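Protein chains get the first letters and strands the later ones, always in sequence-line order, with residue 1 at the start of each. Bear in mind that the values here come from a model prediction, so they are computed numbers and not experimental data.
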Number of protein chains: 2
Amino acid sequence: MTYADSMDTTAPGPRPAPAPGSAPRRRDKAATRAALLDAARLRFGRHGYDGTGVRDIAADAGVDAALVFRYFGSKQRLYAEAVRAEVPAGLAADRRRPLEEVTADLLHDVVFADWSAYDGEHPLLVMLRSSGRDHVRAQLRTRICDDYLGEFARRLDGPDAALRAELLGALLLGMGVMRSLVGSPALGEASYERTRPLVDRLVAALAQAEEDGR
Amino acid sequence: MTYADSMDTTAPGPRPAPAPGSAPRRRDKAATRAALLDAARLRFGRHGYDGTGVRDIAADAGVDAALVFRYFGSKQRLYAEAVRAEVPAGLAADRRRPLEEVTADLLHDVVFADWSAYDGEHPLLVMLRSSGRDHVRAQLRTRICDDYLGEFARRLDGPDAALRAELLGALLLGMGVMRSLVGSPALGEASYERTRPLVDRLVAALAQAEEDGR
DNA sequence: AGCATAAGTCATCACCCGTTGACTTATCTC
DNA sequence: GAGATAAGTCAACGGGTGATGACTTATGCT
């Protein structure tokens, strides 16, 4: 038995909406592709690469699993496209902006932003969870190093600028992990406004170059 | 053909070591259990929970996969036991030790310690990679909160002591992620001695309670 | 030496995985 | 309305999964 039998099969209007909850959705390649991507983001975000099956994603999107391969080629390519997130503009844009401003922006736009499309986690954290796969690990590494650490180091000076840049990266990354992955009590509930002065203090401590010797 | 045929089968000594690379290993429950745990740590460390099969672990240990279930009950319980790592003594021991000392010890004994038994990563980072599973996530959360964050907060004062404690935890955790999981260039190569003064500076910035208002 | 017991193996189950190709059906154009 | 084309479905494949229970074999005791 299909969704609409025993009624008169002559469709009366534009669409009779056979069942309220399971409208078959007008056939639309682009919309279906987007729905698959949205579902993939949520599933991969919550359960990781290995914990997510293409059948789960397709079911969430309301289509057959075969469409994943028709539209994306493979599960791996769907994953790569799903976790692709644009680095916030304004980081690399103006090289003159001081580190304090850039960090505050990142805190607001990355750590404390709304990533509910990825089940509450930034795509980088989502990838962290699936870093057992080599292709994920490689993507993660280049993303962090190229998009963020380089911009930090450029705004620091001194012989160990790279190291201090990575400490700043570690702090922000760790905050993200604490908030979403670990779900720690204080950071999980804290607001951007309450956290920012503390982070500012830490950035200031990192910004001053070598002064107290080794 | 078995491992030792055509030779005189009367074993001369304690063990003739039939083949150098594939000694059948004297039957020893405890030793086999330990070998399974070691192999599990490496496998889970490198490939995560879902990316590791019980057959892989058993093959590394040189035994049949069925023994995993005989000795541990399930893959999940083997995992739980494999990633169990003792929190370094001396953290909770003397409550009088100041935060600076405790942090330096943690930096040395956790972040920069030799975790080659877990494929180079602290068990908490190993768990991070498999946090798509709810039982891993729960274990990770209680471990971090109970073993570390509480000890940090105890040594801080002020209204937002918990928040500052979690920022310190985020820094250390992030450093671990950077070093092993991301493999960032500077932190990955840096030594404990070179990193410590920078971390000390950050801890000092966190230790001072609210002074500059909100 | 012989036997009881435990250590280890083997075959197997039921299920889920990513992927493929052939099939069906809705939508758009003339 | 008929036909073409693309969107979506279906069934199946080969292989890997965790887990189970019956079987074999080495070890230690008497």
Side-chain angles (χ1 to χ4, degrees), chain A residues 1-5 9-11 13-18 22-36 39-40 43-44 47-80 130 132-133 135, chain B residues 2-5 9-11 13-16 18 22-36 39-40 43-44 47-80 130 132-133 135:
Chain A
M1 58 191 74
T2 56
Y3 52 87
D5 55 343
T9 56
T10 64
R15 183 137 291 266
S22 69
R25 248 207 297 120
R26 209 169 153 73
R27 291 190 169 181
D28 182 342
K29 181 174 181 174
T32 301
R33 231 189 91 102
L36 280 171
R43 283 273 177 185
F44 285 137
H47 299 109
Y49 182 82
D50 287 303
T52 300
V54 293
R55 286 171 176 82
D56 304 326
I57 298 173
D60 288 353
V63 295
D64 190 89
L67 285 189
V68 166
F69 303 92
R70 197 189 283 295
Y71 292 158
F72 299 94
S74 70
K75 179 191 180 183
Q76 201 172 118
R77 285 220 280 274
L78 167 62
Y79 182 83
S130 302
R133 299 277 174 166
H135 68 273
Chain B
T2 57
Y3 52 89
D5 55 344
T9 57
T10 64
R15 182 135 293 261
S22 69
R25 251 209 291 120
R26 209 167 153 72
R27 291 191 170 181
D28 182 342
K29 180 174 181 174
T32 301
R33 231 188 92 102
L36 280 172
R43 283 273 177 186
F44 285 138
H47 300 109
Y49 182 82
D50 287 303
T52 300
V54 293
R55 287 168 177 83
D56 304 327
I57 298 172
D60 288 354
V63 294
D64 191 90
L67 286 190
V68 166
F69 302 95
R70 197 190 281 297
Y71 291 158
F72 299 94
S74 70
K75 178 190 180 184
Q76 202 172 118
R77 284 219 280 275
L78 167 62
Y79 183 82
S130 302
R133 298 278 174 166
H135 67 272

Rounding to an integer number of Å, can you tell me how far A/Leu78 CG sits from C/dT19 P? 10 Å

Quick one: which of C/dC17, C/dT20, D/dA19 gets closest to the side chain of B/Lys75? D/dA19

Given atom CG of B/Leu36 and atom P of D/dG18, what is their separation to the nearest angstrom? 14 Å

Rounded to the nearest 0.5 angstrom, the CZ-OG1 distance for A/Arg26 and A/Thr32 is 12.0 Å

Return each pair, listed once, that meets salt bridge (charged side-chain N to carboxylate O under 4.0 Å, His left out) where at least one residue sits in residues 65-80 of chain B; pairs must be two or more places apart or across chains. none

Rounded distance in Å - CZ (A/Phe69) to P (C/dC17): 11 Å

Considering non-hydrogen atoms only, spot the tightest contact between A/Ala61 and A/Ala39 and give its length. N-CB, 4.2 Å

Qualifying salt bridge (charged side-chain N to carboxylate O under 4.0 Å, His left out) pairs, either residue in residues 50-68 of chain B, two or more places apart: B/Arg43-B/Asp60, B/Asp50-B/Arg133

Whole angstroms only, please: what is the CG-P distance between B/Asp50 and D/dG16? 17 Å

Closest non-hydrogen atom pair between A/Leu36 and A/Ile57, with its separation: O-CG2, 3.7 Å

Letter per nucleotide, 5' to 3', of nucleotides 4-15 of chain C [B base touched, S only sugar-phosphate touched, - untouched; heavy atoms, 4.0 Å]: ---BBBB-B---

Any ring-ring contact (aromatic ring centres under 6.0 Å, His included) involving residues 48-76 of chain A? Give me the pairs, sequence neighbours left out, ordered by first then second residue. A/Phe44-A/Tyr49, A/Tyr49-A/Tyr79, A/Tyr49-A/His135

